[in-house]
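Lettering of chains follows the sequences in order, A, B, ..., and the numbering in each one begins at 1.
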Amino acid sequence: MQIKDIARRLHITPRAIRFYEEKGLIQPKKADESGYRHFSEEDVWRLQTIITLREVGMPIEDIRELLQEQNEAEGSLLHYLELQRSFMYSRWVEMSKVIATTEAMIERVKRDQQIDPGALYELAEANKRLRQTRDNWVDRWNFNQIADQYDELVTREQEGFNTHAFYHEILDQVVGAVAPKPGESGLDAGTGTGNLASRFIQMGVQMSGFDQSPQMLLQCRRKSPEVETKLGTFFAFPFLENDFDFVATSYALHHLTDDQKLLALAECRRVLKPGGRLVIADLMFVDQDHRHAHLDHLRRQGEEEALSQILDRCYADRSRLLAELDSLGFVTEVRQLTEYVHLIWAKLR
DNA sequence: CTTCTCACA
DNA sequence: TGTGAGCA
């Protein structure tokens, strides 16, 4: 297929296609003699993905990085579509928030019968901060790289400080706290290799899960094909509103900063049915005082490894999560499971 | 019909 | 982040 054919098919100009090649997003084969580009079906999917991601506002450079890690995964068409879906959801969630903010601005102007620039500015800024908080996330753990060893890593007996001590027991506690009834549908947020989701599957529950790492999802599909898996992020769960009876999440929130955790809680709320419940098990401190006291303690003991791990991972401020859950309309209960792992049970009022 | 480069917004 | 002109 020549450049004009594919351009017509995808409704873009040949010039733009060459431009994407120049930027390193595609590498079409060139015929030896003429120097003409020849495009395969795979190239079509890839370009379609590029176009969609551009349409939802993703910069060229980001698309390039995304497609690069994507390249090594197999089953291209499905992966391209999943990438597109994931970003459609993030765009959708973002638009919902912008609409809500605009509504609030309109209400304010109507009510006050005059424009208060400061307040309107505040509202507009809130959107910007939200986007920044969300865009700040990076996968410092490189899950695509470690996906095939992940289960081994978390269950290995470790010398000294072990963040994943009692891993399986804690997952069992989460299942117990959710107390799922057969036929219910649940979501495992940040499902990874599906260790939590598969427990629910065994109880006759319909499970969905999402993760930001395609490689982790491959492991999950291999181990537990019954889990519906989607590519997606904690800032835009790839699901519609009111989809689930419960959301469960374990050892995932600590990959987010505290601000990002709050966004994630709002997403939990969004996908839950009325009366739905949320169970979180993760690394936490009771509150900031507890955090600082504990860090001081470790410093005095010379526990450098534990200290650096805690500082490196984003142990949650439990009190802040609870406050946010309350304002989102949840009633909550808490239980401390191990030295660092706490369990939060929450139910929509 | 395609290639590439250069200038332009 | 692309586009159009001009050339080979």
- [ ] Check each of A/Y315, A/Y167, A/F166 against A/Y251 using the ring-ring contact (aromatic ring centres under 6.0 Å, His included) test, and report the only one that passes.
- [x] A/Y167
TODO: Let me know the distance between CE of A/M1 and P of B/dC1, rounded to the nearest Å.
DONE: 16 Å
TODO: Return the minimal non-hydrogen interatomic distance between A/A236 and A/E267, and the atom names on each side.
DONE: CA-OE1, 3.3 Å
- [ ] Please report, rounded to the nearest Å, how far the P atom of B/dC1 is from the CD1 atom of A/I6.
- [x] 17 Å
Task: A/F210 ring center within less than 6.0 Å of A/F237 ring center - done: yes
Task: Under 4.0 Å protein heavy-atom contact, by nucleotide of nucleotides 2-9 of chain B - B base, S sugar-phosphate only - done: SBSBB---
Task: Spacing between A/K23 atom NZ and C/dG2 atom C1', to the nearest angstrom - done: 9 Å
Open item on the list: The test is side-chain hydrogen bond (donor to acceptor under 3.5 Å, both in side chains); show your working for A/Q173 and A/R335 and say whether it passes.
Closed with: CA-CA 10 Å; A/Q173 291 281 333; A/R335 201 161 73 227; 2.7 Å; yes
Open item on the list: Using salt bridge (Lys or Arg N to Asp or Glu O under 4.0 Å), reason through A/D62 and A/R54 one step at a time and then give a plain yes or no.
Closed with: CA-CA 10 Å; A/D62 292 9; A/R54 279 298 305 133; over 6 Å; no
Task: Full working for side chain to side chain contact (heavy atoms under 4.5 Å, CB included) between A/L272 and A/F330 - done: CA-CA 11 Å; A/L272 275 174; A/F330 287 96; 3.7 Å; yes
Open item on the list: In dot-bracket form, 5' to 3', how is DNA chain C paired? Count Watson-Crick and G-U wobble pairs only if both distances fall under 3.5 Å, and write | where the partner sits on another strand.
Closed with: ||||||.|
Task: N/O (side chain, A/Y20) to phosphate O (OP1/OP2, C/dG2) under 4.0 Å - done: yes
- [ ] Using atom CD1 of A/I12 as one end and atom P of C/dT1 as the other, report the distance to the nearest whole Å.
- [x] 15 Å
Task: Contacts of A/H294 that satisfy ring pair (Phe, Tyr, Trp, His ring centres under 6.0 Å) - sequence neighbours left out - done: A/F285, A/Y340
Open item on the list: Using 30° and 60° as the class boundaries, would you call the ring planes of A/F244 and A/F239 parallel, tilted or perpendicular?
Closed with: perpendicular
Task: Protein-nucleotide distance (A/I60, atom CD1; C/dT3, atom C1'), rounded to Å - done: 14 Å
